[in-house]
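Remarks on the structure that follows.
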Amino acid sequence: MSTSPPTPLRRTLTDVRAATALAPARPAYAAGLRAAIATVVPLLVAQLLAIPGGTWLSLAGFTGTLANKGGPYRTRAASMGALTLAGALAVALGTLSAGRIPLAVPLTFVVAVGCSLARVWGSAGASVGISVLNLFVIALAFPVHNDREALTRAGLVLLGGLWAMLVSLVLWPLSPYRPVRLAVAACYRALALYAADVARWASEGAMRDPPDLPPVGVSVRQALEDARAALAATRRGVPGRSGPGERLIVLREIVDQLFGNLVALAEVIETVPRETRDAAAQAAVRESLNAVAAALRTLAGRIEVDGDAEPVAIGWDGSSLRRAVAGGLADPDASTRNLYLHAAELFDRLAQYTRVAADTLGDVYPPSTAEGMVDVGDADSRTSPFAALRAVLAPHSVILRHALRLGVVTAAAVWLTWALDLKRGYWVTITIVIILQPYTGATTLKAMQRVLGTMVGGTLTALLGALFHDPWAILGLAFVFSATCVALLPLNYAAFSVFLTPTFVLLAETTAGDWHLAGLRIVNTLVGGGLSLLGARLLWPTPEWDRLPSYMAASLRASRDYLRAVIERFADRSPRAGRELREARRQSGLAVANADESFQRLLGEHRGPHAELAPVMTFLTYVRRLTASTAALAVSRHSADPGAEPALRRFGEAAERVLDDLASAVVERRAPAPLPPLIEAGADDLPQSPVLRVRLARLAGQLKTLHDAIESWSTRRN
């Protein structure tokens with residue numbers, strides 16, 4: 001690995017690749033068509049009826065559809081309704097303060113801070129806040145002859161927002177359970193990808209050195225959390241208990257069970273010593289894993305279908321692996337045989353849960369019966385919306401600092417565009433509102449995407465200006481571009497910006513009749529991007545290097561809690577113990593995901609040698625593996641000898657001390673204390689069954705690797 005920092009050219013190319021990378025998603029065609037209808041129809045009606053201010057109707061319709069993030073009906077209605085009301089108020093305030101700089105600048109700061117704090121309510125809150133602030137700064141840029149016009153503009157925005165709600169929620173509504181079905185199906189698809197990756201490893205990498213087992217995908221945990229949130233919101237929005245809703249809860253809990261068992265299976269297979277792995281057994285593992293992946297993909301497709309699902313046949317289990325073991329291993333090592341047989345048991349469990357999922361889809365098991373088999377808990381987890389807001393107002397809150405940063409930079413941009421008399425200066429301010437993110441790396445990425453998209457879109461707009469002049473043709477192009485930009489938003493923001501530029505030039509500037517405004521939009525976007533980057537680096541910057549240690553420590557403590565829970569409940573086979581262990585696994589997975597996200601933000605900021613990042617990458621890899629190994633230990637309790645508890649407790653006490661010390665060492669930027677003899681020796685002196693001995697040796701090895709990674713990291717940072 002290179003020890004020198006990357007050159008500016010290489011860094012720029014890396015940023016461009018990151019800005020143009022496509023997300024693993026599908027174009028949102030339906031959302032694009034809804035956005036086009038909500039955007040262009042009001043402008044068309046305004047032109048036919050000679051209603052002045054039709055652009056405000058169109059602008060409100062476009063922003064209203066962007067606030068429709070999907071999900072339960074109640075959530076979408078609340079988001080779009082909040083945007084409509086707050087947007088009308090913002091336009092009224094912006095219009096009243098337009099041209100009055102002593103009032104406009106401080107008011108911009110207050111509105112920007114308030115809108116930015118809406119991030120505390122998640123992606124929907126962030127979307128509404130950004131849209132409201134954009135409406136405010138646009139209104140601020142167009143003074144009026146009398147204050148009564150402020151009410152006219154606000155009324156038009158209100159009508160445009162109501163039209164967007166009518167299109168999205170009434171004329172073209174989604175089934176109330178469709179967002180949840182899609183979220184649950186995404187869990188099965190993400191898990192199918194993980195199963196296929198492990199199968200590929202079993203085929204291509206398991207017999208060679210040094211390919212590692214594919215890491216436990218953060219995407220699976222994220223999909224499970226998205227489904228959990230969608231289910232909770234739907235149950236709040238739909239009174240009483242319903243068959244479809246309860247069935248989806250069961251299916252979500254089943255995939256969580258499948259996730260834990262599949263992670264455990266992968267750990268068991270990797271634990272087989274490389275020198276004693278058997279080709280026939282590995283082939284049976286590969287074929288069975290491919291069957292698991294195929295079954296999960298089929299289930300995902302059935303879940304997405306709104307109606308009676310066709311039966312899903314599950315014709316696989318651990319039998320093929322048992323036959324391979326019975327046929328004689330190349331190395332008659334008892335430990336290897338036991339590990340393969342344990343893997344066969346896990347295939348049996350995977351098959352059992354997959355059949356329950358298939359039968360639940362086919363109503364063979366009513367929800368109440370299936371719940372008893374998979375220990376379903378309550379998915380409804382209500383919290384006060386103002387509790388999170390109180391927490392985010394703490395002095396060191398990232399969201400609060402971002403809100404203040406956005407307020408200062410936006411207010412400064414309003415003053416600067418007025419002082420320099422920049423034409424269409426609100427494009428500068430809108431660029432800042434969109435680009436500026438809570439994290440420096442994210443701001444850089446967003447700036448690159450916005451600038452690249454706007455430059456390409458501006459060129460496209462200039463070319464169109466030479467070909468089209470008829471107002472009806474322009475409306476047709478606006479329909480196509482608005483539909484395209486919204487449809488491409490899930491894939492890449494740069495692609496969204498490419499088609500957003502001609503959309504806004506066509507809609508917002510139709511009355512100006514000046515196609516050369518496309519070039520002005522590019523210039524103003526560059527100015528706004530530059531101001532955003534300056535604000536991100538000069539105003540309350542918090543380098544990700546300073547935040548990452550707290551996330552690393554949290555992941556270690558969550559791993560400690562999960563391991564402790566598994567050991568304390570090792571002899572407990574009750575449904576309650578199963579629920580508690582799954583919750584502990586979930587918290588550990590979330591903590592590791594947070595650390596991984598922090599590291600991804602660090603990659604966007606880091607300008608030093610790549611070697612500085614190596615210990616952190618090792619840490620993230622092995623803290624994920626520690627969670628996976630703990631999950632494998634939890635699954636092995638179903639067939640373990642109860643007499644192993646004293647040895648387990650000895651190991652657990654030593655492991656807890658190590659994890660506590662590692663967490664403190666990360667926060668304090670110091671080298672960790674020496675490992676206790678039990679962990680250093682790999683738990684070899686603990687008398688257990690062969691499978692359990694391998695499990696504890698694996699955990700001890702991962703603790704040693706984490707210890708070495710943190711020791712290396714502390715040395716480099718100091």
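None of the values given here were measured: they were computed from a predicted structure.
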Side-chain donor or acceptor of Y194 paired with backbone N/O of V263 under 3.5 Å: no
Are any non-hydrogen side-chain atoms of V292 and T354 less than 4.5 angstrom apart? no
About how many Å separate CG of L648 and CD of E568, when rounded to the nearest 0.5 Å? 12.0 Å
Check whether any side-chain heavy atom of L299 lies under 4.5 Å from a side-chain heavy atom of L361, and answer yes or no. yes
Nearest-0.5 Å distance that lies between atom OH in Y551 and atom CG in L620: 13.0 Å
Is it true that R349 and E345 make a salt bridge, defined as a side-chain N closer than 4.0 Å to a carboxylate O? no
With side chains defined as the heavy atoms from C-beta onward, is the minimum distance between V658 and L706 less than 4.5 Å? no
Return the CG to CD distance between L321 and E287, rounded to the nearest 0.5 Å. 10.5 Å
Quick one, F259 and R221 - any side-chain contact, counting heavy atoms below 4.5 Å? yes
Work out which heavy atom in A631 is nearest to a heavy atom in G260; give both atom names and the distance. CB-O, 4.4 Å
For the side chain of S714 and the backbone of I710, is there at least one donor-acceptor N/O pair under 3.5 Å apart? yes
Closest approach of V255 and C187, non-hydrogen atoms and distance? CG1-CB, 3.8 Å
Partner of F619 under side chain to side chain contact (heavy atoms under 4.5 Å, CB included), picked from L662, L548, L556, is L556
dist E267:CD -> L699:CG (nearest 0.5 Å) comes out at 8.0 Å
Got a second to check how far I249's CD1 is from I254's CD1, nearest 0.5 Å? 12.0 Å
Could you tell me which non-hydrogen atom of W316 sits nearest to which non-hydrogen atom of F347, and how far apart they are? CZ3-O, 3.7 Å
D561 meets the salt bridge (Lys or Arg N to Asp or Glu O under 4.0 Å) criterion, sequence neighbours left out, with R564
Please step through side-chain contact (heavy atoms from CB on, under 4.5 Å) for the pair L602 and L613, ending with a clear verdict. CA-CA 9 Å; L602 175 63; L613 303 177; 3.8 Å; yes
With a 4.5 Å limit on heavy-atom distance, are the side chains of L626 and Y562 in contact? no
Minimum heavy-atom separation for I314 to A351, with atom names? CG2-O, 4.3 Å
State, yes or no, whether a side-chain contact exists between L563 and E656 at a heavy-atom distance under 4.5 Å. no
Flag, side chain of T621 to backbone of M617, donor-acceptor distance under 3.5 Å: yes
CZ on R579 to CZ on R576, rounded to 0.5 Å: 8.0 Å
Pick from L191, L193, L350: which one makes a side chain to side chain contact (heavy atoms under 4.5 Å, CB included) with L296? L191
Under 3.5 Å, is there a donor-acceptor pair between the S629 and Q702 side chains? yes
Is D660 salt-bridged to R657, going by a charged N under 4.0 Å from an acidic O? no
Looking at H342 and I269, would you say the former's side chain and the latter's main chain have a donor-acceptor pair under 3.5 Å? no
Across all chains, not counting sequence neighbours, the salt bridge (Lys or Arg N to Asp or Glu O under 4.0 Å) partners of D572 are none
Considering only heavy atoms from C-beta outward, does the side chain of W201 approach that of E270 to under 4.5 Å? yes
Could you check whether any side-chain heavy atom of L262 comes within less than 4.5 Å of a side-chain heavy atom of L289, counting everything from C-beta outward? yes
Counterpart residues, salt bridge (Lys or Arg N to Asp or Glu O under 4.0 Å), relative to D317 (two or more places apart): none
Yes or no on side-chain contact (heavy atoms from CB on, under 4.5 Å) for L182 and E304, after CA distance, side-chain angles and deciding distance? CA-CA 6 Å; L182 295 178; E304 289 176 345; 3.9 Å; yes
Who are the salt bridge (Lys or Arg N to Asp or Glu O under 4.0 Å) partners of R322, not counting sequence neighbours? D348
Any salt bridge (Lys or Arg N to Asp or Glu O under 4.0 Å) involving residues 584-596? Give me the pairs, sequence neighbours left out, ordered by first then second residue. E225-R586, D256-R585, E583-R586, D596-R624
Smallest heavy-atom separation, S288 atom then S320 atom, equals OG-OG, 3.2 Å
Please identify each residue that fulfils side-chain contact (heavy atoms from CB on, under 4.5 Å) with E597, with sequence neighbours left out. Q222, N594, R601
Under a 3.5 Å threshold, yes or no: a donor from one side chain and an acceptor from the other, between S559 and T630? no
Minimum heavy-atom separation for R277 and Y340, please, with both atom names. CA-OH, 3.5 Å
Would V356 and D359 satisfy side-chain contact (heavy atoms from CB on, under 4.5 Å), going step by step from the backbone distance to the final call? CA-CA 5 Å; V356 174; D359 291 339; 5.8 Å; no
Using side-chain contact (heavy atoms from CB on, under 4.5 Å), reason through L251 and Y188 one step at a time and then give a plain yes or no. CA-CA 9 Å; L251 290 168; Y188 283 82; 3.8 Å; yes
